[in-house]
Structures are given as structure tokens and as C-alpha cells.
Chemist: 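Let me begin by handing over the structure; questions about it come next.
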2 protein chains.
Amino acid sequence: MDLNRLDAVFAALADPTRRAILARLASGEAGVMELAKPFAMTQPAISKHLRVLERAGLISRGRDAQRRPCRIEARPLAEANEWLERYRQFWEGSFQRLDSLLDELQSPPPNPDPTSDKDQQP
Amino acid sequence: MDLNRLDAVFAALADPTRRAILARLASGEAGVMELAKPFAMTQPAISKHLRVLERAGLISRGRDAQRRPCRIEARPLAEANEWLERYRQFWEGSFQRLDSLLDELQSPPPNPDPTSDKDQQP
DNA sequence: CGGTTATATAACCTTTAGGTGATTGATGGA
DNA sequence: TCCATCAATCACCTAAAGGTTATATAACCG
């Protein structure tokens, strides 16, 4: 899992416009104009949002005449999901096995450099 | 699920320092100094990160003499997870039931106002 | 009281994010 | 060829993010 990309993925998901775009793309490809239509926002603004999504790997784009249809690429969502999974213990009922789970995850000492390409284990 | 909070949650998770702090807190409470220690960063910077995490609901803080121990609050992580779950279909193998799944999710027309408190369905 | 420790806050700086309007580029059709 | 359409890019603005140093606040301890 590319942990540097987690930054970009979570940052991309932090904007409601971009989440709505992903939601729209979940039901199939769409061009920029089509994606822009629901929003009180200009086309360049949408293009910027699409660039953010693309740099996060969350969408890819093809070519269909003048259109540049966008397609959802959910792999990064899976990576975000993997990251979150490590904390599932905290929101799912039984904290009983917490200690053994922590052992299992064998938390190493925290990383002194946040720019490093490796997250800590929970 | 508080969808406005999703903005804050994903934004909080977009920073590697904050993810590392959460990872540390997953193994138990810690004070600010203790959290700051692994990072090449001043204490006020860490305090700012903690405020971001707190506003996202990802941590809560107690009082122990001078210390303000931080505790992880994973509820928002569960909410982020719920949001991601809606896209699980895209990263898990069988796309065969995609159409019926989309029907099941009955996507409404996209939201014209991204500041609204409601996301679209995928 | 005075000093030490832990944390928060203020003022500031630089970079990035999210938006705008205007323009440019690519493609297809009359 | 000329024009319309879809989308990207440019120059610009404002606000927010992430860091700094210096200072203030709060609680304990001698």
C-alpha cells in the first residue's frame, strides 16, 4: 500500500464536492460538463476537483471525441479502507480481545519523521 | 451519520502526523509531550494537530494534574468506514451484481449544493 | 510564595486550497 | 473553412493549513 498516497486520498475525500462526484461516478462514466451540472460552481472549479481526484488515483480519464469521460478507480478507496480496518476494534463492540490484538499488531516505536513513507501500526 | 463531520474526519486523516498520533493513541492514552516526542516538530504544532483531531471527534481529552491525556475516539472512524463501505463493490472482485446493487442504492439526483449536509448515494 | 512542568494561545510566516473570469486547445460538424 | 462544444490552463484572489517563536495559563511542589 502506498502510504504517501493515503495523504492524497484522504485529502481528496475531505471535500463534499469531490465525494459527490465520486458518488455520481459510481453509477457510471461521466464527462466534465455532466459532472459540473449539479453544482453551483464553474467548470474550471470542477476541473480542479477532478485533477485532485486524479492525482489521488481515485479517477481515471478517457477520450471520447471532445469529452474526457471520468471513471471511478476504487483501488485507493480500498487502501483507505485497509487503513481504517486497523481501528475496527475501537468501534466494534468487544474490547475484550484488545490486548491480544495489540500484541498481534506489535506496535513499533512511533516514527520520528512524519514525511516518511511508513505509518505506524495501531 | 453526521456528514458535515466527514469533511473534518477525512481532512484530519489526510495528515501523516495525525495518523501517527492516532496510531500511538490506539495503544493507550498519552499526554501532549509524550505524543510530541517522536516528531521533529515543536509542542505547539502538536497541540494544533490535536485540536484538529479533537474537532473531528477523533480524540477526547481528560485532565490528570497538569497533563491533558488524549484518548482515541473511533466513532468518526466508523463513520468514515461506513462511507467507504458503499464503494466496496468497486474494489471487491465480482462486478456481476453491480446493476442490482445500484438499484438497491437507488441513487437520487446529485446534490446541487456541496455545502449541504447530505451526500449522494453511490 | 516562587519555581517547575505541561499545555494552550498569540502573532506571524509561507504554502496550498478552492474559487473566479478570461483564454486557449482539441475535436467534430456545417 | 469556420464555428460550436468540451475541457484544460492561466492569472488572480482570499482564506486556511501547517509550521515557527514567544508568551500565557494551569496545576503541582518546595
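Order of the sequence lines fixes the chain letters, A, B, ..., with proteins taken first and strands second; residue numbering starts at 1 for each chain. For clarity, every value in this text was computed on a predicted model and none was experimentally measured. When reading the values below, keep in mind they use all heavy atoms of this one structure, side chains included, and skip hydrogens, waters and symmetry mates.
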Chemist: Any side-chain N or O of A:S47 below 4.0 angstrom from OP1/OP2 of D:dA8?
Modeler: yes

Chemist: Using a cut-off of less than 4.0 Å, is there contact between a side-chain N or O of A:R61 and OP1 or OP2 of D:dA8?
Modeler: yes

Chemist: Quick one: B:Q66 CD to C:dA6 P, roughly how many Å, whole number?
Modeler: 7 Å

Chemist: Respond yes when some side-chain nitrogen or oxygen of B:R51 is under 4.0 Å from OP1 or OP2 of C:dT7, and no when none is.
Modeler: no

Chemist: Do B:Q43 and C:dA6 have a side chain to base donor-acceptor pair shorter than 3.5 Å?
Modeler: no

Chemist: Rounding to an integer number of Å, can you tell me how far B:M41 CE sits from C:dA8 P?
Modeler: 16 Å

Chemist: Indicate, with a heavy-atom threshold strictly under 4.0 Å, whether A:A65 touches base, sugar-phosphate, or nothing.
Modeler: sugar-phosphate

Chemist: With a 4.0 Å cut-off, would you call B:R88 and B:E85 a salt bridge?
Modeler: yes

Chemist: Of A:P69 and A:K48, whose nearest nucleotide on DNA chain D comes first from the 5' end?
Modeler: A:P69

Chemist: Measure from CG on B:D15 to C1' on C:dT16 and round the result to the nearest Å.
Modeler: 13 Å

Chemist: Around atom CZ of B:R68, are there more than 12 heavy atoms from other residues, nucleotides or ligands closer than 6.0 Å?
Modeler: yes

Chemist: Taking CG from B:L50 and C1' from C:dT7, how many angstroms apart are they, rounded to a whole number?
Modeler: 10 Å

